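Keep in mind that what you see is a predicted model, and the values were worked out from it rather than measured.
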Amino acid sequence: GDMKQSIYSFQGADVSLFKEKELDLGKRLAAVTAYENVPLTLSFRTTEPVLTFVDAAFAHEDAAEGLGAFPIPAHGVCREGVAGEVELWPLTPRPEKLEINAWDAPVDAPESDHPVRVLCDRVASTVRAWLQKGEQLESRGRAVLPGDILILVQSRGALFRDIIQRLSAAGVPVAGPDRLKLIDDPAVEDLLSFARAALSPADDLSLAEILKSPLFGFDDDRDLFPLAYNRDVGESLWRALQTRRRENPKWERAAREIAIARSVARDRGPYAFFSHILETGAPSGRRRFFARLGEASADAIDELLRQTIDFENGNPRSLREFVAWFEQSANDIKREMERQDNAVRVMTVHGAKGLEADIVFLLDAHREANLRKIGPVFQLSSDADALTHAPVLSWSKDGDAPAT
């Protein structure tokens with residue numbers, strides 16, 4: 001192997017230990033036979049412009065420190081004459097923070113000029129322009145396809161979620177996350193809220209959630225507040241919706257569709273219930289979700305339906321029992337991303353190891369190192385006498401000084 005492949009610090013990777021073990025193995029082999037450490041510097045996967053950029057990036061001793069040796073061996077090129085390009089975008093500036101009234105907007109609503117939003121919009125508009133004008137991919141002799149593009153981030157945080165959402169909003173086919181956390185997908189959350197509202201007419205919060213969801217699209221001021229405010233004491237939101245349904249076309253449609261769905265939930269079980277919501281109506285529930293959330297939720301919706309089938313194969317067809325089981329046992333679902341020909345792939349660098357793409361975006365390569373994961377800046381001695389002269393700066397509990 002080589003030290004550049006030893007990259008996962010969270011798995012205990014240590015390039016210095018890698019080198020130490022190689023030397024130890026070499027000594028043992030040399031004692032019984034001829035031993036030679038043969039460097040493999042020829043790259044069969046990457047083109048010359050990319051390799052030249054990598055060599056330049058690690059030409060400084062500080063940058064090469066994590067690779068275990070300086071200078072690092074220059075990369076040899078196997079694919080001579082093959083096209084390639086590295087394009088550096090300027091960092092997205094952070095705007096001056098304006099003073100706002102906390103009551104004027106949701107605290108978690110991202111500002112339109114937030115660097116993450118600006119960067120995601122720029123990537124989405126760039127990809128959309130390529131697809132619309134038929135940007136040529138010279139190495140393939142054809143126009144760029146969504147499946148040619150791979151977008152990499154460091155973690156599944158705000159940037160990961162926002163780039164998927166902004167690509168979808170721009171009309172770019174996107175494959176969705178490489179790892180599905182079903183319980184956190186917006187469409188799955190709305191479907192579970194629908195189940196709770198169907199099971200309990202007194203659950204005002206769940207009912208309000210689905211009325212606001214893409215399934216019914218209630219507006220706060222025109223639809224939800226007039227219905228929910230100033231109800232009789234003890235009157236549920238569901239009862240108010242039934243009683244006043246004829247006052248508003250949206251109330252009429254919601255009352256009718258929820259009543260039918262409650263009947264399905266009572267008589268036919270979880271798979272029939274969710275299928276009814278997603279496939280009936282004009283437009284169907286599935287199309288309503290896609291219209292607002294984009295098709296990035298398609299895989300999560302399909303996985304939810306698959307799990308209802310698995311549940312019904314070994315349990316009674318009870319929607320109530322399924323919701324309780326799902327909330328306790330829902331796990332992350334890892335998706336196969338190697339072949340996504342008709343959609344842009346968005347993944348973490350870790351998850352993409354071993355995959356290839358003609359066009360790769362590295363969105364947050366400028367993030368500062370996490371010193372809490374790297375360890376203490378100075379290793380503290382466990383000797384109590386030495387502590388009086390030792391530095392006490394540490395970023396990990398393992399390196400903290402013992403109590404004296």
Side-chain angles (χ1 to χ4, degrees), residues 85 87-95 105-106 108-137 140 142-181 184-190 213-215 217 283-302 335 337 339-349 351-352 355 357-366:
E85 181 181 21
E87 181 177 319
L88 297 179
W89 289 6
L91 297 182
T92 305
R94 182 176 294 276
D108 58 350
E111 303 91 343
S112 59
D113 58 352
H114 190 280
V116 169
R117 173 61 63 83
V118 172
L119 177 60
C120 291
D121 283 339
R122 182 180 179 191
V123 172
S125 61
T126 298
V127 173
R128 180 179 60 186
W130 287 345
L131 300 178
Q132 288 179 341
K133 71 179 183 180
E135 182 78 18
Q136 290 297 299
L137 185 61
R140 301 289 184 183
R142 57 166 172 77
V144 173
L145 299 175
D148 296 326
I149 301 170
L150 178 62
I151 298 177
L152 301 182
V153 297
Q154 290 196 33
S155 63
R156 297 178 183 87
L159 181 58
F160 180 80
R161 296 187 298 270
D162 280 11
I163 187 60
I164 294 175
Q165 195 275 332
R166 302 311 295 170
L167 285 167
S168 180
V172 175
V174 58
D178 58 334
R179 190 176 293 273
L180 296 174
K181 193 172 183 64
D184 290 340
D185 182 85
V188 172
E189 287 182 321
D190 287 338
S213 77
L215 293 171
S284 67
R286 189 182 290 267
R287 290 188 176 277
R288 295 178 205 176
F289 278 126
F290 292 169
R292 183 187 299 182
L293 305 176
E295 296 192 17
S297 289
D299 288 333
I301 291 173
D302 291 341
R335 302 170 61 230
M337 301 292 282
R339 295 297 298 169
Q340 291 287 344
D341 293 338
N342 297 316
V344 176
R345 291 171 289 174
V346 181
M347 306 179 67
T348 63
V349 175
L355 298 184
D358 291 282
I359 302 172
V360 180
F361 286 86
L362 298 172
L363 292 195
D364 55 353
H366 61 279

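Of the inter-residue distances, the one linking I359 atom CD1 with E85 atom CD reads 10.0 Å to the nearest 0.5 angstrom. Rounding to the nearest 0.5 Å gives a distance of 12.5 Å between CZ of R288 and CG of D190. Rounding to the nearest 0.5 Å places CZ of R286 at 5.0 Å from CG of D302. Rounded to the nearest 0.5 angstrom, L362 CG and Q154 CD are separated by 9.5 Å. For the atom pair CG of D121 and CG of D162, the computed distance is 9.0 Å after rounding to the nearest 0.5 Å.
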- Intermediate values then yes/no, side-chain contact (heavy atoms from CB on, under 4.5 Å), R122 and T92: CA-CA 10 Å; R122 182 180 179 191; T92 305; over 6 Å; no
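Within the 3.5 Å criterion, the main-chain N or O of I164 finds no donor-acceptor partner in the side chain of S168. Q136 places a side-chain N or O within donor-acceptor distance of the main-chain N or O of G134, the cut-off being under 3.5 Å.
Between V172 and W130 there is no side-chain heavy-atom pair separated by less than 4.5 Å. Within the 4.5 Å cutoff, the side chain of M347 has heavy atoms near those of the L152 side chain. Looking only at side-chain heavy atoms (C-beta outward), R140 and L145 stay at 4.5 Å or farther from each other. Counting heavy atoms from C-beta outward, F361 and V127 have side chains that approach closer than 4.5 Å. Looking only at side-chain heavy atoms (C-beta outward), T126 and W89 come within less than 4.5 Å of each other. Annotation: side chain of R166 is not in contact with side chain of V123 (no heavy-atom distance under 4.5 Å). Proximity of F289 to L215: side-chain heavy atoms (C-beta onward) are separated by under 4.5 Å at one or more points.
Taking each heavy atom of P283 and R287 in turn, the nearest pair found is CB-CB, 4.0 Å. Residue L150 comes nearest to A352 through the heavy atom pair CD2-CB, 4.4 Å, listed as atom of the first residue, atom of the second, then distance. In this structure, P214 and L293 approach most closely via the heavy-atom pair CG-CG, 4.4 Å. Shown here for I163 and C120, the closest heavy-atom pair between the two residues is N-SG, 3.5 Å. When all heavy atoms of V144 and L131 are compared, the closest pair comes out as O-CD2, 3.5 Å. Nearest heavy-atom pair across L167 and V346 is CD1-CG2, 4.1 Å.
Heavy atoms of other residues, nucleotides or ligands lying less than 6.0 angstrom from CZ of R142 number more than 12.
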